[in-house]
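Report on the structure given below.
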Amino acid sequence: MSTVRVRFAPSPTGMLHIGSARSALFNWLYARHTGGTFVLRIEDTDKARNTPEAMAAIFSGMKWLGLNWDEGAQPDGSSQGDYGPYFQSQRSDIYKAYGDKLLASGKAYQEPDGAVRFKMPKTPGVVKDLICGEITFERTMEPDPTIFRKDGTPVFHFVNVVDDLEMKITHVIRGEDHLSNTHKHIAMFEALGEQAPHYAHIPLILNPGGSKMSKREEGAALSQYIEQGYLSAAVRNYLCLLGWSPKDNREVLKIEEVIEKFDLPQINRSNARFDINKLYWMNGEYWRDLDKEAYYAFAKQHLKEHGIDLTGLDESYLTGVLDIIREKIKLGRDLPDWLNPFLKEDFVYDAKAVEKSLKSEGGTQRLQELIEIYQKQEVWTAAELEKSLAGLALSKGAKPALYVHPYRVGVAGCGVGPSLYHMLEVMGKERVLSRLERTKNLLASASI
RNA sequence: GACCCUAUCGUCUAGAGGCCUAGGACACGUCCCUUUCACGGAUGCGACACGGGUUCAAAUCCCGUUAGGGUCACCA
C-alpha cells in the first residue's frame, strides 16, 4: 500500500490553463504510478474570481482529460475525504488556528495594523527538489512574508503550507514558477514543527515565442482545444511529452503505459514551448485510431455543439458521409466544411473550381456526357461507377481525370473532396443526377 | 536590480566520458503512390550557445561569459 499523497490545487480563474492542466496530469500520473492518492483542492480564497463558471472550468477540464481524483472537492461543492473541506474558502478556522500557534511560539508577529508576518530565519534555506536537485537560498536579506492581511484573511503561501500539512501531502508537484518560493514554505513547515513534503518542480510551458503563456493568450485555455474538436487522449498524450519522454523514441503512447513508466527524476529541467503543429499531428494519430462508433458519437456531438442541425437526416446517409470524409480531416472543427456539401442541395460552388473544370474547353460537353451515362447506370457502387467513367473517358480518348474534376464540381461544388466514386455511392443515384442537372442549368443561365 | 533555474536541429526530445562523422518526432523541401485533397512510403535540409579548463578521450564533468525563463505582493 502506497503512502504517496499528491494534490492538484488550482484556483478558479475562469479557465483551466494548459500549464495547469499539465500540472494536474503529472500529479495524476505520479499518483497512479505509485498507487497513491490524488487529492483535488480548490484555492478559492479570492472571492471576486470565485464564480460558478470559473469553478466549472476546472471540473470539466479534469473530466475531459480523464483525470479522476480519489479525494477532494466535488463539482457540486461538497468535499469527499478525511481531510476536508477541500475548498480553501471553507477552511478559515484551520488557518486561524495555525496562525495562533505560530504567534504563540514567537515564529510570527503582529504588525500595528493587524497584519501578521512570518519570521523568516536568516540562515540559508535548502530545497531538495526531486527534479532540480539541491538548491541553497541565501536569505540574510529575506523580508518576513505576510501570512495574514490586516483584514485577517490568510495569504496564499501560508494556506498552501497549512493545507499540504493538514492533508498529509507527501509530494508537491507544481510549476517551476514556485521554485523560488519553496524555501519559504519549508521554513513554515519547520516553524510549525513539521516536516515538509518532497518537492518536484516541473518546467514551464512557454508560448511559441518563448515566454510565459499568459491567460488571455491564444491557445492558453484547455477549453479552446475542446471546442476545436481535439481528442482528449491526443491532448493528454501531447502534454505528457512536454518535459517527459519514454526515452525510446516512441511518442504515441497508451496512457496505461505512461503511468507505468512515469517517474519524477526523469522529468526535464528546461522549459518547453507549446507546439500546436505537433499537437495537430498527434490528434491525427488518435483520429485514425478511433473506432467507428466513437467517431460517429464524437462527430455528432461536435456538430451539434457547433450549431449544425442533423435532425431529419437519414442515419445511414450521415454515417456513410462521415465514413468517407473521416480520412480527409483530423480535427472536429474541420467536420462542418467537409460535411456541408453533402447536406445541402443548394450547395455553393467554388468559383475557381467551376472556372477550371466546367468553364474550360469542352467542360459543359463532358458534364452532359456524364449525365447521360449515369442515367443508364444500373449498379450504383463505387467500383461500377468508376468503370463507367473510365469507359466513357476511354471511348473519347481522354484521361479519366478530365471527367473526374467536372464531375466533382457538378455534384458537390468543390474542387477537393473524398474519393469521387465513394461520394457518388453514398449520395445515391437520384441525388447525384438532380445535382448534375442543377449544375447544368446554373451553368446554362450563367448563374455560376 | 537581487536571487534562482535552464541551455542538443525552427520546435519537442534521445544522449548520464569513448557506442555520436549526435538518434527519433513535428514542421519544411524533393520524389513515389493517387481523379483532387489527405494518408502512406522514400529521401533531403537541419543542432551539441560561446570561451576556458579536467581527461588519453567531453554534447556529457568544472569555471566563466552570453542568452532565455522564473521569483522577489497584505495575487493565487
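The figures here come from the full heavy-atom set of this structure, side chains too, leaving out hydrogens, waters and symmetry mates. Computed from a predicted model, the values in this text were never measured in an experiment. Each chain gets a letter, A, B and so on, in the order its sequence line appears, and its residues count up from 1.
If you take atom C1' in B/U43 and the same atom in B/G68, they sit 35 Å apart, rounded to whole Å. Taking atom C1' on both B/A47 and B/C12, the two are 13 Å apart, rounded to the nearest angstrom.
The side chain of A/Arg139 places no N or O atom within less than 4.0 Å of a non-bridging phosphate oxygen (OP1 or OP2) of B/A2. A sub-4.0 Å separation between OP1 or OP2 of B/G40 and a side-chain N or O of A/Arg288 is present. Phosphate contact (OP1/OP2 of B/A76, side-chain N/O of A/Thr45, threshold under 4.0 Å): present. Side-chain nitrogen and oxygen atoms of A/Ser11 include none within less than 4.0 Å of the OP1 or OP2 phosphate oxygen of B/A76. At B/A14, one or more side-chain N or O atoms of A/Lys247 fall inside 4.0 Å of OP1 or OP2 (strictly under the cut-off). Residue A/Lys278 places none of its side-chain N or O atoms closer than 4.0 Å to OP1 or OP2 of B/A27.
Of the residues near RNA chain B, A/Ser180 and A/Pro208, the one whose nearest nucleotide (by heavy atom distance) lies more toward the 5' end is A/Pro208.
Atom-to-atom, CG of A/Asn277 to P of B/G10 comes out at 15 Å; the value is rounded to the nearest Å.
Distance from the side chain of A/Ser419 is smallest for B/U36 among the nucleotides B/C74, B/U36, B/C12. Counting only heavy atoms from C-beta on, A/Phe156 has its side chain closest to B/A76 among B/A76, B/C4, B/C12. Listed nucleotides: B/C4, B/C74, B/C37. Nearest to the side chain of A/Arg149: B/C74. Here the nucleotide nearest the side chain of A/Asn181, chosen from B/C4, B/G23, B/A76, is B/A76. Across B/C4, B/G70, B/U35, the shortest atom-to-atom separation from the side chain of A/Tyr421 is found for B/U35.
A donor and an acceptor atom, one from each side chain of A/Asn283 and A/Tyr225, are nowhere located under 3.5 Å apart. A/Asp291 and A/Tyr296 are not linked by any side-chain donor-acceptor pair at a separation below 3.5 angstrom, with hydrogens and angles left out of the test.
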